[in-house]
Amino acid sequence: MPELPEVETIARVLRDGSGDYQTSIIGCQVNQAVLLWARTLATPAPGIFEKLIIGQTIQSLSRRGKFLVFLLSDLTLLIHLRMSGDMRVENGHDEAGNPKPFEKHDRLALEFNNGQRLVFNDTRKFGRAWLVKDPAEVLGWLGPEPFDELLTTDAFFEMLHRRSRQLKPLLMDQHFIAGLGNIYTDEALHLAKLHPLALTDQITKEASTRLLSAIREVLGEGIRRNGASIDWVYRGGDFQNHFSVYGRAGSPCPICGTPIERLVVGQRGTHI
DNA sequence: CACGTCACCTGCGTGC
DNA sequence: TGCACGCAGGTGACGT
């Protein structure tokens with residue numbers, strides 16, 4: 001899926017507009033909701049969802065971990081893109097004023113009073129949307145944001161030593177820290193010169209400090225480059241051209257020239 | 001608690 | 001060309 005930098009990029013585009021769409025969805029009022037794949041909606045039931053969301057105005061849009069957080073008039077819409085989700089804003093009608101047909105894999109759409117519509121497209125159908133009164137119902141269990149100032153080097157070291165787990169699976173555990181996925185975890189571990197299978201409670205203070213700063217470095221670069229665009233899920237970013245290890249098995253390490261190895265950790269392709 | 005496995009889905013590349 | 005298989009940015013429910 002989109003990881004933190006990709007979700008952040010999508011949030012910024014929807015908020016500020018970019019390229020073809022210079023308009024923001026902030027301030028738009030929902031006229032109509034169209035649910036094209038029922039399981040995309042985690043909660044509430046479709047009929048209730050439609051009833052509740054019509055008339056709501058988008059107050060703000062932010063990101064928490066890999067979730068998009070739409071603050072509405074008196075509810076919160078949360079969307080998780082999982083592996084293949086994407087969001088776009090478009091005019092809901094063509095030049096003749098006829099409703100524009102949906103695209104393949106469109107799963108949920110919100111039509112606005114200004115004629116625009118927000119569409120959630122998700123090839124693999126793993127993505128989910130929640131409409132809730134209190135966002136903590138869905139987000140409450142998430143670990144800290146990687147850039148949170150309260151996440152100090154001391155706190156991070158203490159978090160790593162509170163359990164004994166393989167480093168990579170723990171970094172990808174959203175309870176531990178929110179936002180890292182397969183790409184950025186591999187990149188951060190490489191930058192910090194740490195092995196994905198190292199045990200968390202054996203990490204030295206120096207290594208844990210290096211790791212936290214590597215996490216922030218790779219996520220920051222990902223955001224600056226508007227995320228990574230892989231395969232058919234193109235979103236405009238170009239971080240994919242700057243990976244050090246991810247997807248580069250057999251190629252030389254940019255630091256030492258040793259061929260990059262691919263192994264499997266927790267069922268995920270892992271590059272060292 | 002830590003870890004492995006499977007499930008949820010569609011589509012693309014590879015090799016036979 | 002057809003087809004099987006492996007692989008993919010994520011997560012959650014199990015079983016051991």
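So you know, we letter chains A, B, ... as the sequences are listed, proteins then strands, and number each from 1. Both backbone and side-chain heavy atoms feed into the values below; hydrogens, waters and symmetry mates do not. What you see is a predicted model, and the numbers here were worked out from it, not measured in a lab.
Of all nucleotides listed (B:dG11, C:dG12, C:dG10), B:dG11 comes nearest to the side chain of A:Thr123. Proximity note for A:His80 (side chain, C-beta onward) versus B:dC9, C:dT11, B:dT5: the nearest is C:dT11. With B:dC3, C:dA8, C:dT11 as the candidates, the nucleotide lying closest to the side chain of A:Leu199 is B:dC3. Side chain of A:Gln267, nearest nucleotide from C:dG10, B:dT5, B:dG11: B:dT5.
When rounded to the nearest whole Å, the span between CZ of A:Arg268 and P of C:dG12 equals 13 Å. One can place CD1 of A:Ile230 at 14 Å from C1' of B:dC12, the figure rounded to the nearest angstrom. In this structure, A:Leu68 atom CG and C:dG10 atom P are separated by 15 Å, rounded to whole Å. At whole-Å resolution of the value, CD1 in A:Ile79 and C1' in C:dG10 are 16 Å apart. Between the CG atom of A:Asn182 and the P atom of C:dT11 there is a distance of 11 Å, rounded to whole Å. Look at CZ on A:Arg128: it is 14 Å from C1' on C:dA13, rounded to the nearest Å. Taking atom NE2 of A:His105 as the reference point, atom P of B:dC8 lies 19 Å away to the nearest angstrom. When the C1' atom of C:dT11 is taken as reference, atom CG of A:Leu180 falls 15 Å away, rounded to whole Å.
Within the 4.0 Å cut-off from OP1 or OP2 of C:dT11, not a single side-chain nitrogen or oxygen of A:Arg124 is found. Using a 4.0 Å cut-off, no side-chain N or O of A:Lys104 falls inside it from OP1 or OP2 of B:dT10. Contact check, A:Lys125 against B:dC8: no side-chain N or O comes under 4.0 Å of OP1 or OP2.
By the 6.0 Å and 45° rule, A:Arg117 stacks over the aromatic ring of A:Phe102.
Within 4.0 Å of A:Arg39, counting heavy atoms only, lie sugar-phosphate atoms of the nucleic acid but no base atom.
The hydrophobic cluster containing A:Ile260, built from Ile/Leu/Val/Met/Phe/Trp/Tyr side-chain heavy atoms closer than 4.5 Å, also comprises A:Val245.
Counting heavy-atom neighbours within 6.0 Å of A:Glu137 CD, excluding the residue itself, gives a total above 12.
Classified by interplanar angle (parallel below 30°, tilted 30° to 60°, perpendicular above 60°), the ring pair A:Phe67/A:His80 is perpendicular.
By the 4.5 Å heavy-atom criterion applied to side chains, A:Asn182 and A:Lys168 are counted as neighbours.
Remark: DNA chain B takes part in the stems B:2-8 with C:10-16, B:10-16 with C:2-8, each of 3 or more antiparallel Watson-Crick or G-U pairs, criterion distances under 3.5 Å.
Remark: the separation of the P atoms in C:dC5 and B:dC6 is 15 Å, to the nearest Å.
Of the residues in residues 156-175 of chain A, those lying under 4.0 Å from DNA chain B by heavy-atom distance are A:Arg163, A:Ser164, A:Arg165, A:Gln166.
Using a 4.0 Å cut-off between charged nitrogen and carboxylate oxygen, A:Lys66 and A:Glu3 do not count as a salt-bridge pair. Between A:Asp122 and A:Arg128, no side-chain nitrogen of the basic residue sits less than 4.0 Å from a carboxylate oxygen of the acidic one, so the salt-bridge criterion is not met.
Residues passing the side-chain hydrogen bond (donor to acceptor under 3.5 Å, both in side chains) test with A:His195, sequence neighbours excluded: none.
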Which donor-acceptor pairs under 3.5 Å do the side chains of residues 29-41 of chain A make with protein atoms, sequence neighbours left out?
| unit_1 | atom_1 | unit_2 | atom_2 | d |
| --- | --- | --- | --- | --- |
| A:Gln29 | NE2 | A:Gly55 | O | 2.9 |
| A:Asn31 | ND2 | A:Phe112 | O | 3.4 |
| A:Gln32 | NE2 | A:Glu50 | OE2 | 3.3 |
| A:Thr40 | OG1 | A:Trp37 | O | 3.3 |

Can you list, pair by pair, the side-chain donor-acceptor contacts under 3.5 Å of residues 150-157 of chain A, counting residues two or more places apart and other chains?
| unit_1 | atom_1 | unit_2 | atom_2 | d |
| --- | --- | --- | --- | --- |
| A:Thr152 | OG1 | A:Ala155 | N | 3.0 |
| A:Asp154 | OD1 | A:Lys205 | NZ | 2.6 |

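In this structure, A:Phe126 does not pack face-to-face on the six-membered ring of C:dT11, missing the 5.5 Å centre cutoff or the 30° plane limit.
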